[in-house]
Amino acid sequence: MLTKKIIESEFSFVDSIFGNAESYCGTDIFDQHGDSCDIYFSSMNRNVTQTQIEIYNSFKKGFKKYLPEIEKFLIQKKKQSQEKISNSIRDSILYFDVVHVPQNDPKYDLVLVCSKTFKRFLWFKSDISIRVEIRNESIISMKITNDTTRDNE
């Protein structure tokens, strides 16, 4: 479980060159979903709120409840050209790449960026990246995208 003290002492503080965006950046491990995941907590005046910490800790504790919905979405939204390799997509590991916990965002409480790498043909591999937006411990939107920095809208 993360605490404010751990975030402020063990995470790197990143100040934006442009504008007033700032955040704390660290890594965490989600069992069976990759070796590490980048964690970002948006901050204001170098402060992370207790609400953000609670949102992250709740996600960390119960992230497995989101997996069936994400997996189902990935299979349903695959491209027509990926139909023949749907078993390869389904069987590949869902990697957690980034978890972002914004501060007082009206749209979402947490953003999960995850991906799958799968064999396309012989030794050729492909990636699918998905942006999952969560509010009040429910997925509110998911989108397969090449630019996971943009809101799903």
Side-chain angles (χ1 to χ4, degrees), residues 1-79 82 86 88-118 126-153:
M1 300 298 252
L2 284 180
T3 63
K4 188 172 184 171
K5 187 174 183 175
I6 291 172
I7 292 168
E8 291 174 348
S9 64
E10 295 180 16
F11 281 41
S12 300
F13 180 76
V14 180
D15 201 1
S16 175
I17 296 172
F18 304 105
N20 59 358
E22 59 183 47
S23 61
Y24 284 92
C25 175
T27 60
D28 204 348
I29 297 172
F30 289 84
D31 191 33
Q32 299 177 347
H33 294 282
D35 294 333
S36 72
C37 176
D38 292 336
I39 311 298
Y40 292 91
F41 285 92
S42 296
S43 66
M44 196 170 284
N45 298 322
R46 291 187 174 248
N47 286 317
V48 174
T49 66
Q50 186 59 36
T51 302
Q52 287 176 282
I53 297 166
E54 290 168 4
I55 288 168
Y56 177 78
N57 286 336
S58 176
F59 175 76
K60 174 73 178 188
K61 190 167 126 183
F63 73 90
K64 290 182 180 180
K65 76 178 183 180
Y66 301 104
L67 299 179
E69 191 174 347
I70 295 169
E71 292 283 356
K72 182 179 176 184
F73 178 82
L74 281 169
I75 294 301
Q76 288 177 340
K77 298 295 182 180
K78 69 184 173 302
K79 296 177 186 171
Q82 297 170 333
S86 60
S88 181
I89 295 170
R90 184 181 7 262
D91 295 342
S92 62
I93 296 170
L94 181 67
Y95 291 101
F96 285 10
D97 301 319
V98 176
V99 173
H100 173 237
V101 186
Q103 195 171 97
N104 302 320
D105 192 298
K107 297 179 201 169
Y108 43 79
D109 298 328
L110 184 137
V111 175
L112 168 65
V113 175
C114 47
S115 63
K116 283 193 171 217
T117 300
F118 55 93
S126 288
D127 294 320
I128 295 178
S129 293
I130 183 169
R131 178 184 168 103
V132 181
E133 297 175 346
I134 298 171
R135 180 145 188 93
N136 297 326
E137 296 188 11
S138 296
I139 294 175
I140 57 168
S141 71
M142 290 187 274
K143 184 177 181 181
I144 295 173
T145 180
N146 291 330
D147 185 359
T148 57
T149 62
R150 293 179 179 248
D151 289 355
N152 290 349
E153 297 180 23

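One is the number of the first residue; the rest follow in order along the sequence.
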Does the side chain to side chain contact (heavy atoms under 4.5 Å, CB included) test come out yes or no for V111 and D105, once each step is laid out?
CA-CA 11 Å; V111 175; D105 192 298; over 6 Å; no
Stepwise, does the side chain to side chain donor-acceptor pair (under 3.5 Å) test hold for S115 with D127?
CA-CA 7 Å; S115 63; D127 294 320; 6.0 Å; no
Verify side chain to side chain contact (heavy atoms under 4.5 Å, CB included) between I53 and T3, making sure each step is shown before the conclusion.
CA-CA 7 Å; I53 297 166; T3 63; 5.6 Å; no
Please step through side chain to side chain donor-acceptor pair (under 3.5 Å) for the pair T149 and D147, ending with a clear verdict.
CA-CA 5 Å; T149 62; D147 185 359; 2.4 Å; yes
Could you please spell out the steps behind the side chain to side chain contact (heavy atoms under 4.5 Å, CB included) verdict for V99 and C37?
CA-CA 7 Å; V99 173; C37 176; 3.8 Å; yes
Go through it in stages, so that I can follow the logic: the residues are F41 and T49, the test is side chain to side chain contact (heavy atoms under 4.5 Å, CB included), and I'd like the CA-CA distance, side-chain angles, deciding distance and then a yes or no.
CA-CA 9 Å; F41 285 92; T49 66; over 6 Å; no
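Inter-residue side-chain proximity for F59 and V101 is flagged as unmet; no heavy-atom pair is nearer than 4.5 Å. Within the 4.5 Å cutoff, the side chain of S141 has no heavy atoms near those of the Y108 side chain. Under the 4.5 Å side-chain criterion, counting only non-hydrogen atoms from C-beta, F11 is not in contact with V48. No side-chain heavy atom of I55 sits less than 4.5 Å from a side-chain heavy atom of I134.
The side-chain hydrogen bond (donor to acceptor under 3.5 Å, both in side chains) test applied to Y56 returns D28, not counting sequence neighbours.
The heavy-atom pair separating I39 from T27 by the smallest distance is CG1-C, 4.1 Å. Contact record, M44 with Q103: CB-OE1, 3.2 Å, taken as the closest heavy-atom pair. Across I29 and G34, no two heavy atoms sit closer than the pair CG2-O, 4.1 Å.
Applying the 6.0 Å contact sphere to NZ of K72 captures no more than 12 heavy atoms from other residues, nucleotides or ligands.
Applying the side chain to side chain donor-acceptor pair (under 3.5 Å) rule to pairs touching residues 32-42 yields S42-H100, sequence neighbours excluded. Applying the salt bridge (Lys or Arg N to Asp or Glu O under 4.0 Å) rule to pairs touching residues 1-24 yields nothing, sequence neighbours excluded.
Using modelled atom types, one side-chain atom of E133 and one backbone atom of N152 make a donor-acceptor pair closer than 3.5 Å. Here the side chain of K143 pairs no donor or acceptor atom with the backbone of T148 at under 3.5 angstrom. A donor-acceptor contact shorter than 3.5 Å links the side chain of Y66 to the backbone of E137.
Distance check, rounded to the nearest 0.5 Å: CD1 of I139 to CG of L112 gives 8.0 Å. Between the SG atom of C114 and the CZ atom of F63 there is a distance of 11.5 Å, given to the nearest 0.5 Å. For the atom pair M1 CE and K60 NZ, the distance stands at 10.5 Å (nearest 0.5 Å).
For R131 and D151, the salt-bridge test passes: some basic side-chain N is under 4.0 Å from an acidic carboxylate O.
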